[in-house]
Chemist: 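Quick one: the structure is below, and I'll ask about it shortly.
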Amino acid sequence: MPSATVRISEPARNVLRELAVRNNQPMQAVLEQAIEMYRRECFLQATNEAFTALRNDEKAWKGEIEEREIWDGTLADGKEE
């Protein structure tokens with residue numbers, strides 16, 4: 001796997017090293033996990049912002065509710081309990 005050098009501050013490097021030692025993992029693995037967690041956090045933040053914008057748009061939110069009602073009809077797959 002190709003690699004790259006990335007500069008980080010000394011305090012950040014110290015924290016990275018401490019986490020690596022504490023978790024018995026290479027610093028690269030800890031850094032990769034941190035990046036993945038941050039990527040997920042950014043994704044969820046963008047999703048929340050989009051949902052908030054949808055909720056604030058009365059016409060779009062009404063369309064969302066109508067679509068949910070349509071999909072709710074498929075939950076039972078046409079079968080009675």
Side-chain angles (χ1 to χ4, degrees):
M1 170 189 331
S3 64
T5 301
V6 177
R7 296 180 194 272
I8 61 173
S9 68
E10 187 174 345
R13 188 191 70 213
N14 292 340
V15 170
L16 180 58
R17 183 179 298 139
E18 180 183 323
L19 289 169
V21 169
R22 184 183 307 160
N23 293 295
N24 196 28
Q25 294 182 318
M27 290 193 326
Q28 180 178 345
V30 174
L31 185 57
E32 288 173 355
Q33 290 170 18
I35 291 168
E36 176 60 15
M37 288 174 58
Y38 182 63
R39 184 194 67 79
R40 290 175 185 208
E41 181 182 322
C42 290
F43 172 79
L44 289 175
Q45 182 177 357
T47 301
N48 286 337
E49 290 170 1
F51 188 78
T52 297
L54 178 65
R55 290 286 314 246
N56 290 334
D57 181 336
E58 197 172 306
K59 184 177 178 183
W61 182 245
K62 183 179 179 197
E64 170 69 18
I65 297 302
E66 289 171 355
E67 186 173 342
R68 287 183 190 194
E69 289 171 355
I70 291 168
W71 281 104
D72 281 348
T74 67
L75 291 178
D77 229 8
K79 299 178 182 177
E80 299 294 322
E81 288 187 31

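Counting from 1, the numbers follow the sequence of the chain as shown.
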Chemist: Identify the heavy atoms of Pro26 and Ala20 that sit nearest to each other, and give their distance.
Modeler: C-CB, 4.1 Å
Chemist: If we only count heavy atoms from C-beta on, is the Glu49 to Thr52 side-chain gap below 4.5 Å?
Modeler: no
Chemist: Nearest 0.5 angstrom please: Asn24 CG to Leu19 CG, how far?
Modeler: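 It is 13.0 Å, given to the nearest 0.5 Å.
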Chemist: Side chains of Gln28 and Glu32 only: does a donor on one sit below 3.5 Å from an acceptor on the other?
Modeler: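 Glu32 and Gln28 do have a side-chain donor-acceptor pair below 3.5 Å.
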Chemist: Is there a path of hydrophobic side-chain contacts, each under 4.5 Å between heavy atoms of I/L/V/M/F/W/Y residues, joining Trp71 to Ile65?
Modeler: no
Chemist: So that I can tick it off, tell me whether Glu58 and Lys62 are bridged by a salt bridge, with the cut-off set at under 4.0 angstrom between side-chain N and carboxylate O.
Modeler: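 Answer for the salt bridge query: no.
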Chemist: Decide if atom CG of Asn56 counts as having more than 12 heavy atoms of other residues, nucleotides or ligands within a radius under 6.0 Å.
Modeler: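 Yes, the 6.0 Å shell around CG holds more than 12 heavy atoms from other groups.
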Chemist: Under the side-chain contact (heavy atoms from CB on, under 4.5 Å) rule, what do Val30 and Met27 come out as? Steps first, then yes or no, please.
Modeler: CA-CA 5 Å; Val30 174; Met27 290 193 326; 5.6 Å; no
Chemist: What's the spacing between Arg13 CZ and Glu10 CD if we round to 0.5 Å?
Modeler: 5.0 Å
Chemist: Measuring from Glu69:CD to Glu64:CD, what's the distance to the nearest 0.5 Å?
Modeler: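 Reported to 0.5 Å precision, the distance equals 10.5 Å.
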Chemist: Grab the two heavy atoms, one from Ile8 and one from Leu16, that are nearest each other, plus how far apart they are.
Modeler: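 So the minimum-distance heavy-atom pair works out to CD1-CD2, 4.3 Å.
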